[in-house]
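Convention: sequence-line order gives letters A, B, ...; per-chain numbering from 1.
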There are 2 protein chains.
Amino acid sequence: MTAVTIQCCAPIAREPLSEADAAELATLLKAVADPVRLRLLSMIGSHPGGEACVCDLTGVFDLTAPTISHHLKVLRTAGLIDGERRGTWVYYRIIPEAVNKLGVLFAPLAAPAKAQNGPVDVELLNA
Amino acid sequence: MTAVTIQCCAPIAREPLSEADAAELATLLKAVADPVRLRLLSMIGSHPGGEACVCDLTGVFDLTAPTISHHLKVLRTAGLIDGERRGTWVYYRIIPEAVNKLGVLFAPLAAPAKAQNGPVDVELLNA
DNA sequence: GAGCTGTTTAGATAAGTTTCTATTCAGGAG
DNA sequence: CTCCTGAATAGAAACTTATCTAAACAGCTC
């Protein structure tokens, strides 16, 4: 069991985001800001074993296979998922570090907007 | 000090999002998936007193006032901020409940994608 | 190798977004 | 009341995105 410390950006209400951080986070957010991609991400992440075959994903939507493939590519390009071909099928899995960047960004502040606490360390346990 | 319990949707990797939840969350995410709006949100949220005047926000960007006004409207329409006119100036503040929905969505799971824990309660302290 | 199934790429079209300029609305000062 | 400043609305132009059909690529089976 390894402990990973994430330290990308402070929560959104703690201090003003720099232009560069905002650009990086916006890229990540644009990738998830779509109902199809949100569902794909949650279907992949919650699938037993932590990975899902494209064939598990296409049937659920009223969309053609190329469209699903396009959305998967957007998620992969953003660094949110990773895909691997094993024989006939391609399997995708979530990259937790990318999701955690967003978790930190929107983490609730105990004290409201006073910005006087220390830096944020989100400890995440990898099995 | 009041304790508010947020229970919109499970974290993204816990269970597949419903079509309706995905649509609602995507609306919220589209609003924040822009570098300017991310910075506006963080500038408003981290401003002393928890609110910021539009006049505090326009000077920071190389954008015209109507463009900033447009971005603020997008954030307000999504329910992420609220604005109030007091005399000459208009003041905006963050609506924490909306931000917390995203915090829960991207909250890290201690156990990786096994989906066998109880429901998630994020406790947030309002002053 | 030939043919089949699963997945991705290419190219086109329709819809949505970001930004601007010009104008209008809201409130305070002379 | 008239003028001035802060903020929002309206409309237009440039750009990006979502989706499709058609075609290509990857690997299995016979």
Counting the atoms with a prime plus P, OP1 and OP2 as sugar-phosphate, which does B:Thr64 contact under 4.0 Å by heavy atoms, base, sugar-phosphate, or nothing? base

Sugar-phosphate only, base, or nothing, as touched by A:Arg37 at under 4.0 Å among non-hydrogen atoms: sugar-phosphate

At under 4.0 Å between heavy atoms, what does A:Tyr92 touch on the DNA or RNA strands: base, sugar-phosphate, or nothing? sugar-phosphate

For a quick check of understanding: with a heavy-atom distance under 4.0 Å over all strands, which category does A:His70 fall into, base, sugar-phosphate or nothing? base

Looking at every strand, decide which applies to A:Thr67 at a 4.0 Å heavy-atom threshold: base, sugar-phosphate, or nothing. base

Heavy-atom contact window of chain B on DNA chain D, given 5' to 3' at under 4.0 Å: D:dG6 to D:dT9

How close do A:Arg39 and A:Val60 get, heavy atom to heavy atom, and via which atoms? NH2-CG1, 3.7 Å

Distance check needed: C:dA29 P versus B:Trp89 CH2, whole Å only. 9 Å

Rounded to whole Å, please give me the gap between CG in B:Leu72 and C1' in C:dT19. 15 Å

Starting at atom NZ of A:Lys30, determine the distance to atom P of C:dG16, rounded to an integer number of angstrom. 17 Å

Just the rounded figure in Å: distance from P of C:dG16 to CG of A:Asp34. 13 Å

Using a 4.0 Å heavy-atom cut-off across all strands, classify B:Tyr91 as base, sugar-phosphate, or nothing. nothing

Between C1' of C:dT18 and CG of B:Asp62, the distance in whole Å: 15 Å

Quick one: on DNA chain D, does A:Thr88 or A:His71 contact a more 5' nucleotide (nearest heavy atom)? A:His71

